[in-house]
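Data block below; observations after.
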Amino acid sequence: MGLEQKPLSTLHDKASYEVADFDVPTGREEEWRFTPLRRLRGLHNGTAEEGGKVLVEAEAAPEVTVETVGRDDARLGAAYVPADRVSAQAWNSFTEAVVVTVPKETAASAPTVLRLRGEDASAAAYRHTTVIVEPFAEATVVLAHRGLATYADNVEFVVGDGARLSVISLQDWADGSVHVSHQHARLGRDARFVSHNVSLGGDVVRISPSVSYDGPGGDAELYGVYFVDGGQHLEHRLLVDHAVPNCRSRVDYRGALQDQDAHAVWIGDVIIRAEAEGTDTYELNRNLVLTDGTRVDSVPNLEILTGEVAGAGHASASGRLDDEHLFYLQARGITFDEARRMVVRGFLGQLVERIEVPDVREKVREAIEAELDQGAR
């Protein structure tokens with residue numbers, strides 16, 4: 001593969017298609033120190049038994065083409081080079097890929113939905129997905145993950161000049177599933193990209209969204225909602241790489257945690273390179289702790305290599321339910337459980353309401369209500 005790599009930074013120091021170019025993680029590395037490696041079932045060190053299945057069912061908009069292709073398709077890997085060992089293993093292990101294409105100057109009349117369903121977690125499954133939105137086209141793509149799996153994949157979004165792409169990735173795995181995913185968006189001049197990552201199910205889920213820009217005027221908004229139950233590990237590691245002038249990015253991820261050993265990890269990395277004058281960026285992560293026994297690791301990182309920026313900032317906050325809010329609601333005759341629900345709904349609902357597909361938005365609302373029911377018992 002000949003994808004040209006930009007100069008490396010302290011936030012992103014290696015990229016390769018070769019598994020051997022990455023050391024086996026030990027947990028002492030910055031990029032792996034929060035991840036429970038022993039629970040990855042060998043995805044990180046090459047010991048995972050292969051042969052698992054994650055089936056794909058596509059429901060495409062009339063204007064959109066969905067193809068199943070082999071490894072030799074030239075469109076695969078054109079926008080993304082793996083940045084860690086699991087991603088490289090997924091690249092070298094998949095046997096077929098899905099390519100979604102939105103033709104030039106076409107506005108898709110409906111969302112295109114890829115339903116990915118795992119059947120067995122005893123062996124590892126690998127996949128690759130490429131979404132190409134040609135110049136001045138518009139589309140919405142939904143990735144819905146369900147079932148039981150041990151799964152690693154790479155997803156690349158190629159958003160052409162003046163194009164618009166909205167992506168909703170729903171991780172609603174069954175208990176016992178492991179999912180490690182890299183999702184990279186490459187934006188052309190004046191392109192707009194909006195992503196929503198919703199992580200609810202599974203044992204260990206580690207999603208790594210990233211964005212790079214090919215021309216000025218690119219605009220990326222990355223939103224995330226997660227609800228972590230006892231024993232779950234849900235991790236989101238973001239990288240926004242500003243390497244051209246006058247681009248914008250916004251990041252807002254929010255999570256709720258309940259019960260013993262629920263663990264949420266959010267890492268937000270933003271690079272503003274020397275040539276990226278006029279960059280406007282802000283990232284935010286907030287976590288609501290509902291019970292004792294949970295753990296939150298939230299680390300925003302901002303690397304600025306130019307003094308000519310329009311704006312740059314980050315914030316992170318984690319805390320318990322506000323006693324004053326609960327008291328105010330209870331003083332008006334609302335029970336504690338319902339008051340708790342109202343606070344959580346309001347906290348997460350601001351991002352849930354941004355999901356553009358009504359059916360998916362309602363499913364996320366219902367899933368959050370089910371989580372609250374579980375916490376109330």
Side-chain angles (χ1 to χ4, degrees), residues 11 79-80 102 107-108 111-112 131 133 136-143 155-171 181-199 207-226 236-255 266-272 276 278-287 298 300-302 309-317 347-358 360-361 364:
L11 294 180
Y80 173 68
V102 187
T112 292
V131 178
V133 185
F136 306 104
E138 299 181 14
T140 297
V141 174
V142 179
L143 307 173
V155 185
E156 51 186 347
F157 306 106
V158 184
V159 189
D161 293 350
R164 303 288 185 268
L165 175 62
S166 178
V167 175
I168 305 162
S169 182
L170 176 60
Q171 288 71 240
S181 180
H182 285 72
Q183 303 174 352
H184 181 71
R186 187 174 177 182
L187 277 58
R189 177 186 290 269
D190 297 324
R192 176 170 169 77
F193 175 72
V194 179
S195 79
H196 300 268
N197 258 295
V198 181
S199 296
I207 309 296
S208 299
S210 58
V211 176
S212 63
Y213 301 83
D214 280 348
D219 190 335
E221 296 183 1
L222 309 180
Y223 301 109
V225 172
Y226 48 94
H236 300 88
R237 305 184 67 92
L238 288 79
L239 172 67
V240 181
D241 189 348
H242 285 277
V244 297
N246 303 317
C247 291
R248 174 182 178 272
S249 65
R250 291 291 186 273
V251 174
D252 191 346
Y253 269 60
R254 302 184 190 184
W266 179 86
I267 309 295
D269 291 341
V270 176
I271 306 168
I272 306 176
T279 292
D280 181 7
T281 182
Y282 193 84
E283 58 175 349
L284 171 66
N285 175 233
R286 294 199 287 173
N287 296 280
S298 180
N301 296 305
L302 183 58
V309 297
H314 59 209
S316 170
F347 176 70
L348 299 179
Q350 293 177 359
L351 296 188
V352 174
E353 288 301 314
R354 290 180 174 271
I355 296 174
E356 300 170 0
V357 181
V360 177
R361 185 169 62 240
V364 174

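Two residues are said to be in side-chain contact when any heavy atoms from C-beta on lie closer than 4.5 Å; I355 and V198 meet this criterion. Taking the side chain as every heavy atom from C-beta outward, S298 and Y253 never approach each other to under 4.5 Å. Looking at N301 and I267, their side chains come closer than 4.5 Å, going by heavy atoms from C-beta outward. Residues E138 and R192 are not in side-chain contact: their nearest non-hydrogen atoms beyond the backbone lie 4.5 Å or more apart. Looking at V240 and L238, their side chains never come closer than 4.5 Å, going by heavy atoms from C-beta outward.
Across every non-hydrogen atom of V244 and G215, the tightest pair is CG2-O, 3.5 Å. Across every non-hydrogen atom of S199 and Q171, the tightest pair is OG-NE2, 3.1 Å. Residues A137 and V102 share a closest heavy-atom pair of CB-CG1, 3.8 Å.
Q183 and S169 are linked by a side-chain donor-acceptor pair at a separation below 3.5 angstrom, with hydrogens and angles left out of the test. Between the side chains of Y226 and N287, a donor-acceptor pair is found at a separation under 3.5 Å.
The CD atom of E356 sits 6.5 Å away from the CD1 atom of I168 when rounded to the nearest 0.5 Å. Between the CD atom in E156 and the NE2 atom in H182 there is a gap of 13.0 Å [rounded to 0.5 Å]. A distance of 14.0 Å separates OG of S181 from CZ of R237, quoted to the nearest 0.5 Å. From S249, atom OG reaches atom CD1 of I272 across 7.5 Å, with rounding to the nearest 0.5 Å.
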May I have the step-by-step check of side chain to side chain contact (heavy atoms under 4.5 Å, CB included) for L239 and I271, ending in yes or no? CA-CA 8 Å; L239 172 67; I271 306 168; 3.8 Å; yes

Apply side chain to side chain contact (heavy atoms under 4.5 Å, CB included) to D214 and R189, showing your working. CA-CA 6 Å; D214 280 348; R189 177 186 290 269; over 6 Å; no

Please test R354 against H196 for side chain to side chain contact (heavy atoms under 4.5 Å, CB included), starting from the C-alpha separation and ending with a verdict. CA-CA 9 Å; R354 290 180 174 271; H196 300 268; 3.6 Å; yes

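Without hydrogens or angle criteria, D241 side chain to S212 main chain gives no donor-acceptor distance under 3.5 Å. A donor-acceptor contact shorter than 3.5 Å is absent between the side chain of Y213 and the backbone of P245.
Electrostatic pairing of R250 and D219 does not count as a salt bridge here, judged by no charged N lying under 4.0 Å from a carboxylate O.
Judged as a side chain to side chain donor-acceptor pair (under 3.5 Å), and not counting sequence neighbours, T279 has no contacts. Every residue was checked against the side chain to side chain donor-acceptor pair (under 3.5 Å) condition with R164, not counting sequence neighbours, and none meets it. Scored by the side chain to side chain donor-acceptor pair (under 3.5 Å) test, R286 finds no partners at all (sequence neighbours excluded). Partners of A315 under the side-chain contact (heavy atoms from CB on, under 4.5 Å) rule, at least two apart in sequence or in another chain, are Y282, L284. Legend: residues meeting side-chain contact (heavy atoms from CB on, under 4.5 Å) with A185, ordered by chain and number and at least two apart, are F157, L187, F193, V211. By the side-chain contact (heavy atoms from CB on, under 4.5 Å) test, H314 pairs with E283, P300, L302, sequence neighbours left out.
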